[in-house]
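Below is one structure, written out as structure tokens; comments come after it.
Residues: numbered from 1 along the sequence shown. The shown structure was predicted, so the numbers you read here are calculated from the model rather than taken from an experiment.
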Amino acid sequence: MSKVDLSPRPVETMSPRQLERRKHLIDAALTLVSETGVERLQMKQVSERSGVALGTTYRYFSSKDHLLAAAASDWRAKLMDDLAAELRGSVPPTRGSDRVVRFVRRGMRAFQRQPNLARLLVTVTVSTDPFASEVVDAMAATGRASLLALMPDVPPAAREVVPHLIDAAWQSELVAWVTGRSTLADAFARLEEVIRLVLAPYGAGSMAV
């Protein structure tokens with residue numbers, strides 16, 4: 001007897017109607033996380049809030065972790081787009097370190113406004129669910145690309161490692177704040193120091209932002 005494939009439907013093969021249903025599920029998950037936190041969330045709740053049958057929900061997301069990873073990725077992508085738009089709408093600092101510091105500072109303030117969603121980001125990064133891990137890896141790559149766009153002075157040989165170091169430091173400080181081991185101000189101060197140290201060899205200065 002052949003095994004039944006229980007893998008979730010690939011996003012790239014979904015019809016417009018299926019993509020809309022998937023969006024309803026993600027929106028419902030984000031709303032519920034904002035309201036009650038990530039720990040209490042159940043797939044049944046998401047199904048009921050979105051109006052998508054529970055059995056159908058599992059055709060889109062293999063597990064709660066997979067759904068949460070997709071929701072976190074969706075929210076973080078919108079946040080990154082908003083931060084980039086804000087930076088473009090103001091007079092941007094001329095030096096790469098100052099641009100990155102401003103970008104990250106605004107990101108940390110957004111996390112402060114949405115602490116349950118900040119906890120969501122931390123939670124999904126340690127998931128062992130294979131489908132969730134794929135989403136988290138893609139989310140991290142997108143985040144590093146957003147940072148890299150702010151660093152035109154970084155040479156090709158360092159354009160992979162530099163955003164990786166800054167993104168890793170950002171994640172570490174986010175974890176420290178979410179778990180109560182650090183204040184947001186202290187977390188950002190350390191993160192700013194890391195940014196300036198990492199970018200110092202590439203013409204980064206210490207201009208205040």
(message) Counting C-beta onward and ignoring hydrogens, is there a side-chain heavy-atom pair between F188 and R105 closer than 4.5 Å?
(response) yes
(message) Quick check: is L148 connected to V194 through a chain of hydrophobic side chains (ILVMFWY, heavy atoms under 4.5 Å apart)?
(response) no
(message) Between V100 and R196, is there a side-chain heavy-atom distance shorter than 4.5 Å?
(response) no
(message) Can you list everything that forms a side chain to side chain contact (heavy atoms under 4.5 Å, CB included) with L197? Sequence neighbours excluded, please.
(response) E193
(request) Kindly state each residue pair satisfying side chain to side chain donor-acceptor pair (under 3.5 Å) with at least one member in residues 113-124, sequence neighbours excluded. (result) N116-R119
(message) Applying side chain to side chain contact (heavy atoms under 4.5 Å, CB included), can you list everything that pairs with S50, at least two apart in sequence or on another chain?
(response) H24, L25, A28, V52
(request) Go through the structure and list residues passing side chain to side chain contact (heavy atoms under 4.5 Å, CB included) with P152, not counting sequence neighbours. (result) R99
(request) Could you list all the side chain to side chain donor-acceptor pair (under 3.5 Å) pairs where at least one residue sits in residues 34-47, not counting sequence neighbours? (result) E35-R49
(message) Between V135 and V126, is there shared hydrophobic-cluster membership here, with clusters defined by ILVMFWY side-chain heavy atoms closer than 4.5 Å?
(response) no
(request) With sequence neighbours excluded, tell me which residues meet side-chain hydrogen bond (donor to acceptor under 3.5 Å, both in side chains) with D27. (result) K23
(request) State the CG-CG distance between L68 and L121, to the nearest 0.5 angstrom. (result) 11.0 Å
(request) Find the distance between CG (L41) and CG (L67) and round it off to the nearest 0.5 Å. (result) 6.5 Å
(request) Would you indicate whether the side-chain heavy atoms of F111 and V178 approach each other to under 4.5 Å? (result) no
Identify each donor-acceptor pair in which a side-chain atom of residues 156-170 lies under 3.5 Å from a protein atom, sequence neighbours left out, and give them as a table.
unit_1 : atom_1 : unit_2 : atom_2 : d
R159   : NH1    : M151   : O      : 3.2
R159   : NH1    : V154   : O      : 3.0
D167   : OD1    : R76    : NH2    : 3.2

(message) For the CG atom of D82 and the NZ atom of K78, what is their distance to the nearest 0.5 Å?
(response) 9.5 Å
(request) Find out whether R21 and M14 are in side-chain contact, i.e. whether some heavy atom of one side chain is under 4.5 Å from a heavy atom of the other. (result) no
(message) So, using side chain to side chain contact (heavy atoms under 4.5 Å, CB included) as the criterion, who are the partners of L184 when residues are at least two apart?
(response) M108, Q112, W177
(message) Less than 4.5 Å apart, side chain to side chain, heavy atoms only: is that true for W75 and L120?
(response) no
(request) Answer yes if V46 and V11 sit in the same cluster of Ile, Leu, Val, Met, Phe, Trp and Tyr residues linked by side chain heavy atoms under 4.5 Å apart, and no otherwise. (result) yes
(message) Tell me every residue that passes ring-ring contact (aromatic ring centres under 6.0 Å, His included) with F103, counting only those two or more places apart in sequence or in another chain.
(response) none
(message) Going by side chain to side chain donor-acceptor pair (under 3.5 Å), name the pairs with one or both residues in residues 128-149, residues two or more places apart or in two chains.
(response) S63-D129
(request) Measure from the side-chain N and O atoms of S127 to the backbone N and O of V124, and report whether any donor-acceptor pair falls under 3.5 Å. (result) no
(request) Verify the cluster assignment for L174 and V38: are they in a single hydrophobic cluster under the rule of side-chain heavy atoms below 4.5 Å apart? (result) yes
(message) So, using side-chain hydrogen bond (donor to acceptor under 3.5 Å, both in side chains) as the criterion, who are the partners of T13 when residues are at least two apart?
(response) none
(message) Under a 3.5 Å threshold, yes or no: a donor from one side chain and an acceptor from the other, between T179 and R181?
(response) yes
(request) Quick one: pull up CD in E173 and CD in Q171 and give me the separation to the nearest 0.5 Å. (result) 10.5 Å
(request) Measure the spacing between NZ of K64 and CE of M43 and express it to the nearest 0.5 Å. (result) 9.5 Å
(request) For S182, enumerate each residue passing the side-chain hydrogen bond (donor to acceptor under 3.5 Å, both in side chains) test, keeping only those at least two apart in sequence or located in another chain. (result) R190
(message) Return the OH to OG1 distance between Y60 and T56, rounded to the nearest 0.5 Å.
(response) 7.0 Å
(message) I want to check something: taking the side chain as every heavy atom from C-beta on, are D98 and R102 in contact at a cut-off of under 4.5 Å?
(response) no
